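Computed from a prediction, not measured in an experiment: that's the story for all the values here. We count residues from 1, following the sequence as given.
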Amino acid sequence: MEEQKENWPQGARHERPESPAHTPGKQHCRLDGQENNGKCCTSGSSDYSDPIYKEIAVTNGYINRMSRDELRAKLAEFKLETRGVKDVLKKRLKNYYKKQKLMQKEPSNEDSYYDYICVIDFEATCEEDNQPEFKHEIIEFPIVLLNTHTLEIEDTFQQYVKPEINPQLSNFCISLTGITQDHVDKADAFPQVLQNVVEWMKQRELGTKYSYTILTDGSWDMSKFLNIQCRISRIKYPSFAKKWINIRKSYGNFYKVPRNQTKLTIMLEKLGMNYDGRPHSGLDDSKNIARIAIRMLQDGCELRVNERMHGGQLMTVSSSAPVEGAPAPQLPRYRN
């Protein structure tokens with residue numbers, strides 16, 4: 001809860017793209033392909049210690065000078081997605097080229113990445129003017145199971161939840177989420193729904209046969225909504241949800257965009273996609289977040305855990321931390 005064609009460098013082909021010749025007077029030498037204020041890295045730089053990285057850096061500079069039409073034509077030649085704003089297209093082409101060159105150097109080890117990503121986007125009780133003391137309670141628990149090998153949504157889970165403190169939904173909440181009073185009146189309380197979640201995840205052998213992690217749109221789903229809900233339900237915070245991928249951070253860092261361009265609808269727009277479904281439906285939101293994750297993985301982003309809960313507080317996880325899957329799901333104990 002957004003030209004005229006040049007020829008591609010000599011030898012740059014789908015199977016074995018080679019680097020272009022360096023253009024005099026054009027200095028684009030940073031590995032990420034961004035111009036370095038007209039200053040070129042020296043040959044003593046670590047980026048140039050390996051010829052492969054030098055080729056990547058020079059090609060990134062060439063890609064920076066391409067028009068949107070040229071980018072789309074080159075992406076189409078490589079049978080890559082051609083939708084998205086110009087900066088997204090540049091990033092997509094750079095990562096494709098980089099991956100091709102690094103595969104020549106050393107084959108990638110895909111076994112070290114998560115097998116599945118569980119996309120979760122809760123809906124919670126709310127009022128039009130939420131007061132600071134208002135306690136949000138989860139009223140929809142959706143999961144979208146994304147297979148990182150096939151890059152497809154493999155399964156979904158969705159259940160409504162009966163709130164305890166504010167059992168009567170506000171008209172604003174009903175209008176916003178599409179969740180009716182009848183939906184929550186007939187639903188189970190949160191501890192039972194969480195047990196159903198755990199059983200669903202166990203049936204899919206997450207954390208045992210398959211490695212997995214959780215992905216959310218922002219920090220609030222885990223650090224606020226789930227944290228508050230567990231206190232209301234008098235159960236401990238589930239261990240399998242203590243670390244997650246905040247896709248807003250991942251998207252901003254990967255595509256180099258400011259924080260105000262990482263809202264769900266803007267991310268979709270920038271990637272050339274429209275929202276599919278009903279906004280603020282937890283399941284539909286989760287499916288659309290999964291679509292963004294799929295596109296980012298296709299564009300070469302390695303989505304990694306970047307946030308966690310520790311001692312009830314939200315913490316940042318370093319990008320250099322090893323890729324570790326979440327533990328096998330277990331129903332948490334009740335608080336004393």
Side-chain angles (χ1 to χ4, degrees), residues 1-2 117-146 153 155-198 200-201 214-233 235 237-238 241 244-248 251 260 262-269 273-293 314:
M1 303 166 12
E2 59 262 35
I117 292 176
C118 291
V119 182
I120 298 176
D121 192 78
F122 297 123
E123 296 304 321
T125 55
C126 56
E127 296 177 345
E128 191 164 6
D129 297 309
N130 288 324
Q131 299 302 310
E133 66 273 10
F134 184 85
K135 284 187 168 61
H136 299 277
E137 298 173 84
I138 293 172
I139 54 174
E140 183 184 0
F141 199 135
I143 306 176
V144 169
L145 189 64
L146 168 58
I153 293 174
D155 205 352
T156 63
F157 172 95
Q158 191 257 10
Q159 284 191 359
Y160 296 115
V161 185
K162 187 172 187 175
E164 178 182 334
I165 296 176
N166 293 295
Q168 191 71 29
L169 301 182
S170 68
N171 290 332
F172 174 77
C173 185
I174 293 171
S175 176
L176 179 71
T177 66
I179 299 172
T180 67
Q181 189 63 46
D182 191 52
H183 282 142
V184 297
D185 285 345
K186 293 179 178 179
D188 289 324
F190 183 76
Q192 179 60 53
V193 173
L194 184 59
Q195 182 174 331
N196 297 342
V197 167
V198 168
W200 183 87
M201 295 173 77
I214 289 171
L215 182 146
T216 64
D217 178 30
S219 305
W220 273 43
D221 290 272
M222 298 298 148
S223 67
K224 189 174 180 69
F225 293 144
L226 184 58
N227 198 23
I228 290 173
Q229 184 63 61
C230 287
R231 293 181 182 278
I232 292 172
S233 299
I235 58 178
Y237 190 97
W244 63 90
I245 299 166
N246 177 346
I247 198 170
R248 293 193 183 198
Y251 180 96
N260 63 3
T262 60
K263 293 180 180 178
L264 176 56
T265 53
I266 296 177
M267 289 190 289
L268 285 167
E269 178 188 347
M273 298 187 284
N274 295 318
Y275 187 96
D276 187 13
R278 186 195 191 285
H280 302 293
S281 155
L283 184 58
D284 285 350
D285 279 355
S286 299
K287 288 179 179 178
N288 282 279
I289 296 163
R291 291 169 66 210
I292 294 170
L314 174 65

### Message
Is there a side chain to side chain contact (heavy atoms under 4.5 Å, CB included) between Thr156 and Lys287? Walk through the geometry before answering.
### Response
CA-CA 9 Å; Thr156 63; Lys287 288 179 179 178; 4.2 Å; yes

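- Residues in residues 131-141 take part in these side chain to side chain donor-acceptor pair (under 3.5 Å) pairs, two or more places apart or across chains: Glu140-Gln158.
- Considering only residues two or more places apart in sequence or on other chains, Glu127 meets the salt bridge (Lys or Arg N to Asp or Glu O under 4.0 Å) condition with none of them.
- With values rounded to the nearest 0.5 angstrom, Ile289 atom CD1 is found 4.5 Å from Asp217 atom CG.
- For the pair Pro238 and Leu226, the minimum side-chain heavy-atom distance is below 4.5 Å.
- Closest heavy-atom contact between Ala189 and Val161: C-CG1, 4.1 Å.
- Side-chain contact between Asn227 and Arg231: present, with at least one pair of heavy atoms (C-beta onward) separated by less than 4.5 Å.
- Smallest separation of non-hydrogen atoms from Val193 and Phe141: CG1-CB, 4.0 Å.
- Of the N and O atoms on the side chains of Gln159 and Asn196, at least one donor lies less than 3.5 Å from an acceptor on the other residue.
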### Task
Walk me through it: do Val144 and Leu283 pass the test side chain to side chain contact (heavy atoms under 4.5 Å, CB included)?
CA-CA 7 Å; Val144 169; Leu283 184 58; 4.1 Å; yes

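- Here the CD atom belonging to Gln192 is positioned 12.0 Å from the OG atom belonging to Ser233, to the nearest 0.5 angstrom.
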### Task
Please lay out, stage by stage, how Leu194 and Gln229 fare under the test side chain to side chain contact (heavy atoms under 4.5 Å, CB included).
CA-CA 11 Å; Leu194 184 59; Gln229 184 63 61; over 6 Å; no

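- The shortest side-chain heavy-atom distance between Leu264 and Ile292 falls under the 4.5 Å cut-off.
- To the nearest 0.5 Å, atoms CG (Asp121) and CG (Leu215) are separated by 10.0 Å.
- At a threshold of 4.5 Å between non-hydrogen side-chain atoms, the residues Ile232 and Phe190 do not count as touching.
- The two residues Arg291 and Asn274 come nearest to each other via the heavy atoms NH1-O, 2.8 Å.
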### Message
Before you tell me yes or no, could you show the steps for Trp244 and Asp221 under side chain to side chain contact (heavy atoms under 4.5 Å, CB included), namely the whole-Å CA-CA distance, both residues' side-chain angles and the distance that decides it to 0.1 Å?
### Response
CA-CA 10 Å; Trp244 63 90; Asp221 290 272; over 6 Å; no

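- Put simply, the side chain of Cys118 reaches to within 4.5 Å of the side chain of Leu145, judged on heavy atoms.
- When the shell of 6.0 Å around CG of Asn260 is examined, it contains more than 12 heavy atoms from other residues, nucleotides or ligands.
- The distance from atom CH2 of Trp200 to atom CZ of Phe157, rounded to the nearest 0.5 Å, is 8.0 Å.
- Smallest separation of non-hydrogen atoms from Asp185 and Pro167: OD1-O, 4.5 Å.
- Judged by distance alone, with hydrogens and angles left aside, the side-chain atoms of Asp285 form a donor-acceptor pair with the main-chain N or O of His280 at under 3.5 Å.
- Taking 4.5 Å as the limit, every side-chain heavy atom of Glu123 sits out of range of all side-chain heavy atoms of Tyr160.
- A distance of 9.5 Å separates CD1 in Ile139 from OG1 in Thr180, rounded to the nearest 0.5 Å.
- Between Thr125 and Leu169 the shortest side-chain heavy-atom distance falls below 4.5 Å.
- Counting heavy atoms from C-beta on, the side chains of Val198 and Met201 never come closer than 4.5 Å.
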